[in-house]
Every structure is written in structure tokens, then in C-alpha cells.
Number of protein chains: 2
Amino acid sequence: MRDEARRNYCDDAMNISQAAVRSGLPPKTIRYYEDIGLVDPALRRDNGYRDYGSRDVHLLRFLHRARNLGFTVADCRALLSLYTDRKRRSADVKEIALNRIADIDRKIGELGEMRTVLATLADKCHGDERPDCPILDEFAAGQE
Amino acid sequence: MRDEARRNYCDDAMNISQAAVRSGLPPKTIRYYEDIGLVDPALRRDNGYRDYGSRDVHLLRFLHRARNLGFTVADCRALLSLYTDRKRRSADVKEIALNRIADIDRKIGELGEMRTVLATLADKCHGDERPDCPILDEFAAGQE
DNA sequence: GTAATCCTTCCAGTAACTGGAAGGTCAAGC
DNA sequence: GCTTGACCTTCCAGTTACTGGAAGGATTAC
């Protein structure tokens, strides 16, 4: 029985770059997550290489997607603990998601306001060689 | 003629905490912006305190608004340099504004996608005491 | 055998602040 | 006049979430 078979006996064992490809996270980031304790330290082979199984990749992919959805690492920590907690309340997870949605709505609202201002100004600006510019005039004026 | 009157003779002179209140930026951030050369070094009173006038507050307020709306410090630098350049072409300013509008549209699009995913998941989640949770199920599933 | 490509650790740097220590200044109250 | 507390200054360190690079060992391909 080979060494890696002993460690991750039910499935494909792989080293960090394979886990990176499968999870979508760069190797550096995987090590970083281990460093900060976001994931448990990986098993090691005799040569010191980290050894990942599909369950590890599972979690890493989970993290990759959550981060892509704008959850902070702290959010991910909370989500993971709920994820691995067999007694978790789905209400707790929902609350985290709803908070994120509220954040997103606020940001979208702010961006929409800025867009309106900029679009209005850009529309009024003749955009030629002359220095007169309603955009900058607006920045200078209307302040308090 | 008083000292601060000599420096900011047309209007109210103020120290950094007043400028902070009026611009919305914390004093630390104002000093930081001075440090990195985003704004010119503030005038100093005889006691070494920074001395701000309403024109400075104008600029700081502008920075506050722009940063809040997702413009990077580098963006702000470009906008400010056009703002203070008497020979600028209004076309240059307009181009920056149009680029920012495109950025904003992209960001709004991304946030909208995130929101859709999260809202769908949160909606499906019953959010009660039971551990079943479509949000976590979704994170866990669809792998590979 | 050796070159390329992994892997490891550690140290530094990024953006854009933010907090804290150490010390000088100022305005108010007694 | 003196103290107290709230300012102000500078500088150094820490934050978030990585990312890059150097130094050195292991594996693989030819």
C-alpha cells in the first residue's frame, strides 16, 4: 500500500497545485488559509509535501465561492463552523447572507447615485480642447 | 492681523479635527493623504498645527465622496490634477468621468449578480432552528 | 546527470487606512 | 498660577486578504 494511499485511502490524493486547480484557489492562498487557521493543517507526506483529498478540496471550493460572493474571511470562518456543525441553526446562516445582501444593496445604491451625478455632468461637458468643464465646476461648487 | 487671518484670510481657519468634521474624513486619513501626496501639505500655524481653510475642506470633501464611491486613490489623484490644472482639456476630464461610469456599471453588474445568488439562496432557506440550509448546501454542492 | 518543475519556509510588500505610544499645546476652571 | 483634559504632532505597528520572491530540498523528464 503506497503512502498517500494510507493517508487518503478512499480517493485521489494530490499535492497543493492539484488542490489549487480543483478548488480554484492559488496554492499561496491555500497555505495562507492554513496559516490563519481558516482550514485545518493539511496532512503531510513523508517528504513534507501537503497532501489533499477530495474532502479538503470540497472545503477549499466552498471558501473560494464564498469569498467570490463577497463574504469576508471572518464570514467564512463563521460559515464553515456552521457548515461543519451538525446542530447549526439555518437561521444563523440566513442572517449572515441577509447581512451581505444589505451591504450589497447599500453599495449598489451609492454607486447608482455617483453614476447619476457623473452621467449628468459628462453629458453637459462639451469635451473639447477648452478648459471649461462642468464636471470640475461641480466638484468646486455646491459644497456646503 | 491675526496669524490664521494671514494664512486663510478669506474665511474660517480651522485645525484638523474641524476639517475632519466638515469633510467627513478622519484626521488620521487627512494626514495620511498628505503623507502620500494626494493633497498638498497643509499650512502650519506657529505652533505646528495644521491650518485648513474652506478650500481645503472642499478638496477633502471631494476625496471623501470619490473614495466612498469606489474610486481608488490613484483615480482621485488623476481627477485632482485635472481639477487644479488651468490648461486642462475638458475632453480629458470627460474621458475620466466616462471611464468611471463604465467602472461603476461593471461594479453594479457584479454586485447585482452576487445579490441575485444570495437572495435566491436566502429565499429558499427557511431560517429556523433546523440544521438544513440551502445556502450551505449550495456552497457544498456543484463541485467539480 | 542535469534541467525543469515541483514543494517547503520565511520575509516583504500591496492598498488604504487605523490604532497607539510619546510628547508638545491650548483653553477652562479653581 | 496650576492642573486637567482635550487637542495637536510624529512615528511605528497592525489590519485585510492576499501576492511575490528568495533560498533551498524533492521529484520528474529526458
Side-chain angles (χ1 to χ4, degrees), chain A residues 2-4 7-8 12-39 41-52 56 59-60 62-80 100 103 107, chain B residues 2-4 7-8 12-39 41-52 56 59-60 62-80 103 107 114:
Chain A
R2 292 189 329 284
D3 184 56
E4 63 270 22
R7 295 176 181 279
N8 285 301
D12 35 45
M14 67 195 98
N15 54 29
I16 200 165
S17 63
Q18 255 306 307
V21 169
R22 302 230 183 137
S23 67
L25 291 169
K28 278 268 186 192
T29 303
I30 296 175
R31 290 193 200 97
Y32 170 71
Y33 285 171
E34 186 179 309
D35 254 26
I36 62 170
L38 183 56
V39 295
L43 294 167
R44 299 297 183 120
R45 297 199 203 167
D46 289 346
N47 61 12
Y49 287 16
R50 287 176 181 81
D51 190 14
Y52 297 90
D56 303 313
L59 282 180
L60 291 172
F62 178 103
L63 290 172
H64 179 52
R65 303 184 70 196
R67 291 285 300 118
N68 267 359
L69 284 170
F71 289 90
T72 65
V73 166
D75 287 337
C76 290
R77 226 180 270 271
L79 285 170
L80 276 184
R100 267 266 79 216
D103 287 349
K107 270 188 194 157
Chain B
R2 292 190 329 285
D3 184 57
E4 63 269 23
R7 295 174 182 279
N8 284 300
D12 34 44
M14 67 194 99
N15 55 26
I16 201 165
S17 63
Q18 255 306 307
V21 169
R22 302 231 184 136
S23 66
L25 291 169
K28 280 268 184 192
T29 303
I30 297 175
R31 291 193 199 99
Y32 171 72
Y33 284 170
E34 187 180 310
D35 254 26
I36 63 171
L38 183 57
V39 296
L43 294 168
R44 299 296 181 122
R45 296 201 201 164
D46 290 345
N47 61 11
Y49 286 17
R50 288 177 180 80
D51 190 14
Y52 297 91
D56 303 313
L59 283 179
L60 292 172
F62 167 64
L63 289 172
H64 178 52
R65 293 178 65 193
R67 289 287 302 119
N68 262 3
L69 292 159
F71 288 85
T72 65
V73 166
D75 288 336
C76 292
R77 225 181 271 271
L79 284 169
L80 280 183
D103 288 348
K107 270 186 194 160
M114 284 184 206

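When reading the values below, keep in mind they use all heavy atoms of this one structure, side chains included, and skip hydrogens, waters and symmetry mates. The structure displayed is predicted, hence computed values, not measured ones. Chain letters run A, B, ... following the sequence lines, proteins first, then strands; residues in each count from 1.
- Note: CG (Asp75(A)) to P (dT16(D)) measures 12 Å, nearest angstrom.
- Looking at heavy atoms from C-beta onward, Leu43(A) lies out of side-chain contact with Arg50(A) at the 4.5 angstrom threshold.
- At a threshold of 4.5 Å between non-hydrogen side-chain atoms, the residues Ile36(B) and Arg77(B) count as touching.
- One interatomic measurement links the two molecules: CD1 of Ile16(B) to C1' of dC26(C), which rounds to 17 Å at whole-angstrom precision.
- Residue order along DNA chain C, read from the 5' end via each residue's closest nucleotide, puts Asn15(A) first among Lys28(A) and Asn15(A).
- The side chain of Thr29(B) contributes an N or O atom lying less than 4.0 Å from OP1 or OP2 of dT18(C).
- Here Arg31(B) lies in heavy-atom contact (under 4.0 Å) with a base.
- Computed from coordinates, the Ile30(A) CD1 to dT19(D) P distance equals 12 Å when rounded to whole Å.
- Residue Arg67(A) places at least one side-chain N or O closer than 4.0 Å to OP1 or OP2 of dC18(D).
- Tyr49(B) is not listed as a side-chain neighbour of Ile16(B), based on a closest heavy-atom distance of 4.5 Å or more.
- In terms of phosphate contacts, Ser17(B) brings a side-chain nitrogen or oxygen within less than 4.0 Å of OP1 or OP2 of dC8(D).
- Both Glu34(B) and Val73(A) lie close to DNA chain D; mapped to their nearest nucleotides by heavy-atom distance, the more 5′-ward contact belongs to Glu34(B).
- In this structure the side chain of Phe71(A) never reaches within 4.5 angstrom of the side chain of Arg65(A), judged on heavy atoms.
- For the pair Met14(B)/Asp51(B), no side-chain contact is recorded, criterion being any heavy-atom separation below 4.5 Å from C-beta on.
- Counting non-hydrogen atoms under 4.0 angstrom, Ile36(B) reaches nothing in the nucleic acid.
- Following rounding to the nearest Å, Asp35(B) (CG) and dA15(C) (C1') show an atom-to-atom distance of 15 Å.
- A straight line from CG of Leu43(B) to P of dT9(D) spans 13 Å, rounded to a whole angstrom.
- Summarising the geometry, the separation between NE2 on His64(A) and C1' on dA17(D) is reported as 15 Å, rounded to the nearest angstrom.
- Taking only side-chain nitrogens and oxygens, Arg44(A) comes nearer than 4.0 Å to OP1 or OP2 of dT9(C).
- Just one residue in the list Ile30(B), Thr29(B), Leu38(B) forms a side chain to side chain contact (heavy atoms under 4.5 Å, CB included) with Leu63(B), and that residue is Leu38(B).
- Checking the phosphate oxygens (OP1, OP2) of dT16(D), no side-chain nitrogen or oxygen of Tyr32(A) falls inside 4.0 Å.
- Side-chain atoms of Leu60(B) and His64(B), non-hydrogen and from C-beta on, never get closer than 4.5 Å to each other.
- Contact annotation: Asn47(B) does not reach the phosphate of dT9(D) (side-chain N/O to OP1 or OP2, under 4.0 Å).
- For the helix from dG1(C)-dC30(D) to dC30(C)-dG1(D), the angle separating the two terminal helix axes comes to 10°, with each axis derived from five pairs and the value rounded to 10°.
- For the pair Lys28(A) and Glu34(A), the salt-bridge criterion is not met [side-chain N within less than 4.0 Å of a carboxylate O].
- Residue contacts shown for Pro27(B) are absent, as no nucleic acid heavy atom lies under 4.0 Å away.
- For Tyr33(A), counting side-chain heavy atoms from C-beta on, the closest listed nucleotide (dC17(C), dT19(D), dC18(D)) is dC18(D).
- Here the P atom of nucleotide dC6(C) and the CZ atom of Arg45(A) are 14 Å apart, to the nearest Å.
- Here the C1' atom of nucleotide dC8(D) and the OH atom of Tyr49(B) are 4 Å apart, to the nearest Å.
- Close to dT9(C), at under 4.0 Å from its OP1 or OP2, lies a side-chain N or O of Arg50(A).
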